[in-house]
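This report refers to the structure that appears directly beneath it.
Lettering of chains follows the sequences in order, A, B, ..., and the numbering in each one begins at 1.
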Amino acid sequence: MTANEIKALRSALLDWYDASARTLPWRTEPGEATRTDPYRVWMSEIMLQQTTTVHAAPYFNAFTARWPTVSDLAAAEDADVMAAWAGLGYYARARNLLACARMVADEYDGVFPDTEEALLKLKGVGSYTAAAVAAIAFGRPANVVDGNVERVMSRLFAVEAELPSARPELKRLAGLFVSDHRPSDWPQGLMDLGARICRPKSPLCGECPLSFGCAAYKQGDPQSYPRKAKKAERPHRLGHAFVLRDGKGRVALVTRPDKGLLGGMLGLIGSEWGGAPDYAPPFEADWTEAGTINHVFTHFSLDLTAHVATGWVDDPALVWMEEGEALKSLPTVFRKALERALA
DNA sequence: TATGCGTGGAC
DNA sequence: TGTCCAAGCAT
């Protein structure tokens, strides 16, 4: 692809973005001189990792209303942040969010660093997020490459190599378009195009401002890009959860270890999840089986059987919480099991 | 480089 | 129903 072709594609995309940019809570209008608060850009980028804009938006609004600055967030209680993140998934993000806010508060005096290199050292900030914040918040010409950009590049150039091994090549191709001109709008426009036009399925090539230069479009099979390696089969696991109620509207929860699945989150008392776990109630009580819920995680599917009893155990590890609050503070798999137990 | 890590919507 | 997928990161 020649330099002139690159320039024509850039121009076409920016024109399209000027006319059709999405309005999002964390975004300023295209070309707007006043840049969005780096704190808000960073917050949105963390929440948007592997997460749709529709899902992230209410959490973004809640977090920024409750903790308007990075210093406010740095001073928050861990449990409050984890509970506020409940339902959004990938809970390591919430732990890293807090760790990062405290790094910025302590080491940078509450002011976000403005270079890709420094951003990359922050907890939970990887190559994508560092580039995105550098470009969107600070106007730096960074090579911002996410799943959208990879897909757009794979189609523009009809890249035959499969993901994930094609990633370095796709990043190199994306780098051909990076420029000092409108460095903040370029990646946002490219990602908007990927989300709305150059979609994974049923791309809207008839509306695409880049179709004139798209190799996959010329071939007639844009949807077949990017090529992907086959995924491993998802195993099935079983487990039991024990809902102990005190008879006064509260329920016993545990705080899960910081690392691993649902790390740092509240959870129900229960067994390990495996192929055929023993039914092993943790306490003597008159347990009643309330039903089984299914929940699908990224890498396994779980059938979790809920058991319910009324009683009291004097155990300092237990967190007794109002049932309504528990439903709001638990990750979804436990929320579903608790709902079943209380039904 | 491969794997572990959530959730809900689209089809 | 199942499958894919969404602004990835850490290890």
Name every residue in residues 153-177 of chain A that has at least one heavy atom under 4.0 Å from any atom of DNA chain C, in order of residue number, or write none if there are no such residues.
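Hits under 4.0 Å, by residue number: none.
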
Residue pairs fulfilling salt bridge (Lys or Arg N to Asp or Glu O under 4.0 Å) with at least one residue in residues 290-311 of chain A, sequence neighbours excluded:
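Every candidate salt bridge (Lys or Arg N to Asp or Glu O under 4.0 Å) pair involving residues 290-311 of chain A fails, so no pair, neighbours aside, qualifies.
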
Provide the full list of salt bridge (Lys or Arg N to Asp or Glu O under 4.0 Å) pairs with a residue in residues 223-241 of chain A, sequence neighbours left out, each pair given once.
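Matches after skipping sequence neighbours: A:E160-A:R227.
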
Output all residues satisfying ring pair (Phe, Tyr, Trp, His ring centres under 6.0 Å) with A:F242, sequence neighbours left out; order by chain, then residue number.
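With sequence neighbours excluded, A:F242 shows a ring pair (Phe, Tyr, Trp, His ring centres under 6.0 Å) to A:Y279, A:W287, A:H307, given in chain and number order.
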
Position toward the 5' end of DNA chain C (nearest nucleotide), A:V125 or A:D192
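The answer here is A:D192.
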
Of A:T52 and A:K259, whose closest DNA chain C nucleotide lies nearer the 5' terminus?
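Here A:T52 is the residue nearer the 5' end.
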
In whole angstroms, how far is the [atom2] atom of [N] from the [atom1] atom of [X]?
| X | N | atom1 | atom2 | value |
| --- | --- | --- | --- | --- |
| A:R335 | B:dG8 | CZ | C1' | 10 Å |
| A:Q223 | B:dC11 | CD | P | 12 Å |
| A:N294 | B:dT7 | CG | P | 12 Å |

Check: A:W320 ring centroid to A:W312 ring centroid under 6.0 Å
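Here the rings of A:W312 and A:W320 have centres that are less than 6.0 Å from each other.
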
Acceptor/donor pairs from residues 191-203 of chain A side chains to any protein atom, 3.5 angstrom cut, sequence neighbours excluded:
from	atom 1	to	atom 2	distance (Å)
A:D192	OD1	A:R22	NE	3.0
A:D192	OD1	A:R22	NH2	2.8
A:D192	OD1	A:R27	NH1	3.3
A:D192	OD1	A:R27	NH2	3.0
A:D192	OD2	A:R22	N	3.0
A:D192	OD2	A:R27	NH1	3.0
A:R196	NH1	A:S20	O	2.3
A:R199	NE	A:S202	O	3.2
A:R199	NH2	A:S202	O	2.8

Would you mind classifying the nucleic acid contact of [X] as base, sugar-phosphate or nothing, using non-hydrogen atoms under 4.0 angstrom?
| X | answer |
| --- | --- |
| A:W42 | nothing |
| A:L24 | base |
| A:R95 | nothing |
| A:S44 | nothing |
| A:K336 | nothing |
| A:K228 | sugar-phosphate |

Listed pairs, N/O of protein and of nucleotides 4-6 of chain B, under 3.5 Å:
from	atom 1	to	atom 2	distance (Å)
B:dC5	OP1	A:L261	N	3.4
B:dC5	OP2	A:H299	NE2	2.2
B:dG6	OP1	A:Y91	N	2.9
B:dG6	OP2	A:L262	N	2.5
B:dG6	O4'	A:Y90	N	3.0
B:dG6	N7	A:Y90	OH	3.4
B:dG6	N7	A:T298	OG1	2.4
B:dG6	O6	A:Y90	OH	3.1
B:dG6	N1	A:Q50	O	2.9
B:dG6	N2	A:Q50	O	3.2
B:dG6	N2	A:T51	OG1	3.1

Under a 4.0 Å threshold between the charged nitrogen and the carboxylate oxygen, would A:D185 count as salt-bridged to A:R182?
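Counted as a salt bridge, because a side-chain N and a carboxylate O are separated by less than 4.0 Å.
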
Derivation of the side chain to side chain donor-acceptor pair (under 3.5 Å) call for A:Y225 and A:E150
CA-CA 10 Å; A:Y225 296 90; A:E150 288 180 349; over 6 Å; no

With a 3.5 Å cut-off and sequence neighbours excluded, list the donor-acceptor pairs that the side chains of residues 108-122 of chain A form with protein atoms.
from	atom 1	to	atom 2	distance (Å)
A:T115	OG1	A:A118	N	3.2

Name every donor-acceptor pair, under 3.5 Å, that has one atom in a side chain of residues 332-343 of chain A and the other anywhere in the protein, sequence neighbours excluded.
from	atom 1	to	atom 2	distance (Å)
A:R335	NH1	A:E339	OE1	3.4
A:R335	NH1	A:E339	OE2	3.1
A:K336	NZ	A:N294	O	3.1
A:K336	NZ	A:H295	ND1	3.0
A:R340	NH1	A:T292	O	3.3

Under 3.5 Å: donor-acceptor pair, side chain of A:R93, backbone of A:G89:
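Yes.
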
Got a sec, which pairs hit side chain to side chain donor-acceptor pair (under 3.5 Å) with one end in residues 76-87 of chain A, sequence neighbours left out?
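Sorted result for residues 76-87 of chain A: A:D78-A:R102.
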
Not counting sequence neighbours, list each pair that qualifies as a side chain to side chain donor-acceptor pair (under 3.5 Å) and has a residue in residues 247-262 of chain A.
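Pairs touching residues 247-262 of chain A that pass the test: A:D246-A:R250.
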
Using atom C1' of each nucleotide, how far apart are C:dT11 and B:dT1 to the nearest Å?
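Straight-line distance between the two C1' atoms is 11 Å.
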
Taking B:dT3 as the reference, what is the distance to C:dA7 when you measure between their P atoms (whole Å, please)?
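Comparing P positions in C:dA7 and B:dT3 gives a spacing of 23 Å.
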
Atom pair CZ/OH of A:R95 and A:Y90 - distance to nearest 0.5 Å
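So the CZ of A:R95 and the OH of A:Y90 are separated by 13.5 Å.
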
Heavy-atom contact window of chain A on DNA chain C, given 5' to 3' at under 4.0 Å
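Extent of the interface on DNA chain C: C:dC4 to C:dA10.
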
Side-chain donor-acceptor pair under 3.5 Å between A:T129 and A:Q49, yes or no?
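Per modelled atom types, A:T129 and A:Q49 side chains form a pair under 3.5 Å.
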
Please work out which residues in residues 200-210 of chain A have a non-hydrogen atom less than 4.0 Å from an atom of DNA chain B and list them by number.
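Of all residues in residues 200-210 of chain A, none places a heavy atom under 4.0 Å from DNA chain B.
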
